[in-house]
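Notes follow once the structure below has been shown.
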Amino acid sequence: MPSFSDIDCAHMARALQLAARGLYSAHPNPIVGCVIANNERVVGEGWHERAGEPHAEINALAAAGKDAEGGTAYVTLEPCAHHGKTPPCAEALLQAGISKVIVAMQDPFAQVAGRGLEMLRNAGVTTEVGLMQSAAESLNAGFIARVTRNRPMVRVKVAASIDGATAMKSGESQWITGPEARNDVQRLRARSGAIMTGIGTVLADDPSLNVRLKELTAAGLQPLRVVLDSRLRMPLSAGMLALPGETLVCCTGKHDHSRLNDAGAEVRSYAADGAAVDVGAVLTDLAQRGVNDVLVEAGPGVTGYLLQKELVDELVIYQAPHIMGSETRGMFQTSSWLALADRKRLQISDVRRIGGDTRITARVQN
């Protein structure tokens, strides 16, 4: 492991801050930031904003101009070495006369995967890898999941009372949490390539599953809406069908797709898992569509299924400070877990107040 100075750490921390500016707009590309410096003096900064537009290194080099020569580039992800929608960033760094490149993490994408670093080393540029790697990996957890596991990262959002209830027995659930928590959910939606729900939630609540805060949408783009609907009961009156953006309805078996196709939805048949849609197959399809992160906003049947199938990577639980009693619905509907050994272990990564509610973020230990 290389030895990094305090100056190195400060510049990479800034590069990570810059990378986060692309959180709501860069997908399906990774989130990347770059700082170009000569010792303590920063001469250029940049981040990747949107797919198809210049990468972070190119923006930082443009800001630095001739001052980039002989400098050090701090990049949160290995510079690319292939021609995609934009030219190779490793090549641009060489042409600018950069003498050293410090990278937070190597790019897991097969077309890069060490080739960018190799190009730089072969040209005599000093390269070091691993500075603040875990922070860079956290920013790009969805991208990493897609290119290494062939499925997006799955994040399940739940709004519940302090005693774990998500709705009254009648189904009444609006609103368990306060407006600040609901606005925070908009940010979860905006950073996701797709939002998934079940047909039960569509029939009961007619959700929009869109990003309503305009400042969070990139050029008006909306996440793909995904409805798990094995028997194809999706009503033509569903509000989401009239909204901007795309809706994918996932069924099993043979059904007439034409009525929903005519309403603007895409309908696809997938393998069945008992009476349900095989969500693993759906996730593989979403990865092939370039979806990095899936946000699940669904009832306890869908969330319980995903949990049991070990398809949940992260839980985001908004817990409201009230008690809803015993005549309620829970967070997850699972098969009978009769022993403590059946429990799902979580690793809590963040707990914070959102308005009057508490947001708990936890990784599922599958």
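- Put simply, the side chain of Cys34 does not reach to within 4.5 Å of the side chain of Leu18, judged on heavy atoms.
- Electrostatic pairing of Arg353 and Asp357 does not count as a salt bridge here, judged by no charged N lying under 4.0 Å from a carboxylate O.
- There is no path of hydrophobic side-chain contacts, each under 4.5 Å, that joins Met331 to Leu188.
- For the pair Arg329 (side chain) and Ala165 (backbone), a donor-acceptor distance under 3.5 Å is absent.
- Between Leu236 and Leu241 the shortest heavy-atom distance is O-CD1, 3.8 Å.
- Considering only heavy atoms from C-beta on, Pro30 stays 4.5 Å or farther from His48 through its side chain.
- Note that the CD atom of Gln308 and the CZ atom of Phe332 stand 11.0 Å from one another [nearest 0.5 Å].
- Nearest heavy atoms, Val249 versus Ala265: CG2-CB, 4.3 Å.
- Shown here for Ala63 and Gly44, the closest heavy-atom pair between the two residues is CB-CA, 4.0 Å.
- For Asp262, the CG atom is densely surrounded, since the number of other residues' heavy atoms within 6.0 Å is greater than 12.
- Of the N and O atoms on the side chains of His27 and Asp293, not one donor lies less than 3.5 Å from an acceptor on the other residue.
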Original post:
What's the verdict on side-chain contact (heavy atoms from CB on, under 4.5 Å) for Leu346 and Leu315, showing C-alpha distance, side-chain angles and the deciding distance?
Top reply: CA-CA 9 Å; Leu346 307 178; Leu315 292 174; 3.9 Å; yes
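- By the rule that hydrophobic residues join a cluster once side-chain heavy atoms approach within less than 4.5 Å of another member, Met153 and Val226 end up as members of separate clusters.
- Going from atom CG of Leu243 over to atom CZ of Arg225 covers 5.5 Å, rounded to the nearest 0.5 Å.
- A donor-acceptor pair under 3.5 Å is absent between the side-chain atoms of Asp184 and the main chain of Ile354, judged by distance alone.
- From Thr334, atom OG1 reaches atom CZ of Arg343 across 14.5 Å, with rounding to the nearest 0.5 Å.
- Residues Cys251 and Ser230 have side chains not in contact (no heavy-atom distance under 4.5 Å, counting atoms from C-beta outward).
- Rounding to the nearest 0.5 Å places CG of Leu232 at 8.0 Å from OG of Ser269.
- Put simply, the side chain of Asp206 gets close to the backbone of Gly239: a donor and an acceptor are under 3.5 Å apart.
- Arg151 and Asp313 are joined by a salt bridge, as a carboxylate oxygen and a charged side-chain nitrogen come within less than 4.0 angstrom of each other.
- In terms of modelled atom types and a separation under 3.5 Å, the side chain of Asp278 and the main chain of Ala272 share no donor-acceptor contact.
- Judged purely by distance below 3.5 Å, without hydrogens or angles, the side chains of Ser5 and Asp8 pair a donor atom with an acceptor atom.
- Remark: Glu45 engages Arg14 in a salt bridge, criterion side-chain N to carboxylate O under 4.0 Å.
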**OP:** Applying side chain to side chain donor-acceptor pair (under 3.5 Å), run through Thr127 and Arg121 and close with a yes or a no.
**Re:** CA-CA 7 Å; Thr127 64; Arg121 291 185 191 120; 2.7 Å; yes
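- Salt-bridge annotation for Arg115 and Asp107: absent, with no side-chain N of the basic residue lying under 4.0 Å from a carboxylate O of the acidic one.
- Residues Gly330 and Pro300 come closest through the heavy atom pair O-CB, 3.5 Å.
- Side-chain contact check for Thr247 and Glu266: no donor-acceptor pair (N or O, by modelled atom type) lies under 3.5 Å.
- Using modelled atom types, one side-chain atom of Gln186 and one backbone atom of Arg212 make a donor-acceptor pair closer than 3.5 Å.
- Here the side chains of Val282 and Cys250 are in contact, with some heavy-atom distance below 4.5 Å.
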**OP:** Mind running side-chain contact (heavy atoms from CB on, under 4.5 Å) on Trp47 and Val32 for me, showing each step along the way?
**Re:** CA-CA 6 Å; Trp47 69 93; Val32 186; over 6 Å; no
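- Remark: Gln17 CD to Leu139 CG distance equals 11.0 Å, nearest 0.5 Å.
- Salt-bridge annotation for Asp350 and Arg352: present, with a side-chain N of the basic residue lying under 4.0 Å from a carboxylate O of the acidic one.
- The side-chain heavy atoms of Met240 and Asn210, taken from C-beta on, include no pair separated by under 4.5 Å.
- The number of heavy-atom neighbours closer than 6.0 Å to CD1 of Ile323, taken from other residues, nucleotides and ligands shown, is 12 or below.
- Between the Ser99 side chain and the Gly71 main chain, a donor and an acceptor come within less than 3.5 Å of each other.
- Under a 3.5 Å cut-off, the side chain of Arg182 and the backbone N or O of Thr177 do form a donor-acceptor pair.
- Asp273 contributes no side-chain N or O that, together with a main-chain N or O of Val277, makes up a donor-acceptor pair within less than 3.5 Å.
- Gln365 CD: more than 12 foreign heavy atoms inside a 6.0 Å radius.
- Between the side chain of Glu57 and the backbone N or O of Val75 there is no donor-acceptor pair closer than 3.5 Å.
- The hydrophobic clustering, which links ILVMFWY residues whose side-chain heavy atoms are closer than 4.5 Å, places Met196 and Leu295 apart.
- Arg189 has its side chain out of reach of Arg187: every pair of non-hydrogen atoms, C-beta onward, lies at least 4.5 Å apart.
- Within the 4.5 Å cutoff, the side chain of Val202 has heavy atoms near those of the Thr197 side chain.
- Linking Ile, Leu, Val, Met, Phe, Trp and Tyr residues whenever their side-chain heavy atoms come within less than 4.5 Å leaves Leu228 and Met234 in two separate clusters.
- For the pair Val103 and Glu128, the minimum side-chain heavy-atom distance is 4.5 Å or more.
- Atom CZ of Arg363 is separated from atom CG of Asn366 by 9.0 Å, given to the nearest 0.5 angstrom.
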Subject >> side-chain contact (heavy atoms from CB on, under 4.5 Å) between Arg155 and Arg191, intermediate numbers included >> reply: CA-CA 11 Å; Arg155 182 178 287 113; Arg191 68 182 295 183; 3.8 Å; yes
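- Within the 3.5 Å criterion, the main-chain N or O of Gly299 finds a donor-acceptor partner in the side chain of Thr303.
- Under the side chain to side chain contact (heavy atoms under 4.5 Å, CB included) test applied with Arg146, the options Pro28, Pro152, Pro108 reduce to a single match, Pro28.
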Original post:
Do Glu297 and Thr201 pass the side chain to side chain donor-acceptor pair (under 3.5 Å) test, and can you show the C-alpha distance, the side-chain angles, and the key distance before you say yes or no?
Top reply: CA-CA 9 Å; Glu297 297 189 47; Thr201 297; over 6 Å; no
Original post:
Run the side-chain contact (heavy atoms from CB on, under 4.5 Å) check on Leu248 and Val227 step by step: do they pass?
Top reply: CA-CA 6 Å; Leu248 171 65; Val227 179; over 6 Å; no
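- Counting all heavy atoms, side chain and backbone alike, Pro79 lies closest to Leu93 at CG-CD1, 3.7 Å.
- Annotation for Val312 and Leu307: closest pair CG2-N, 3.7 Å, computed over non-hydrogen atoms.
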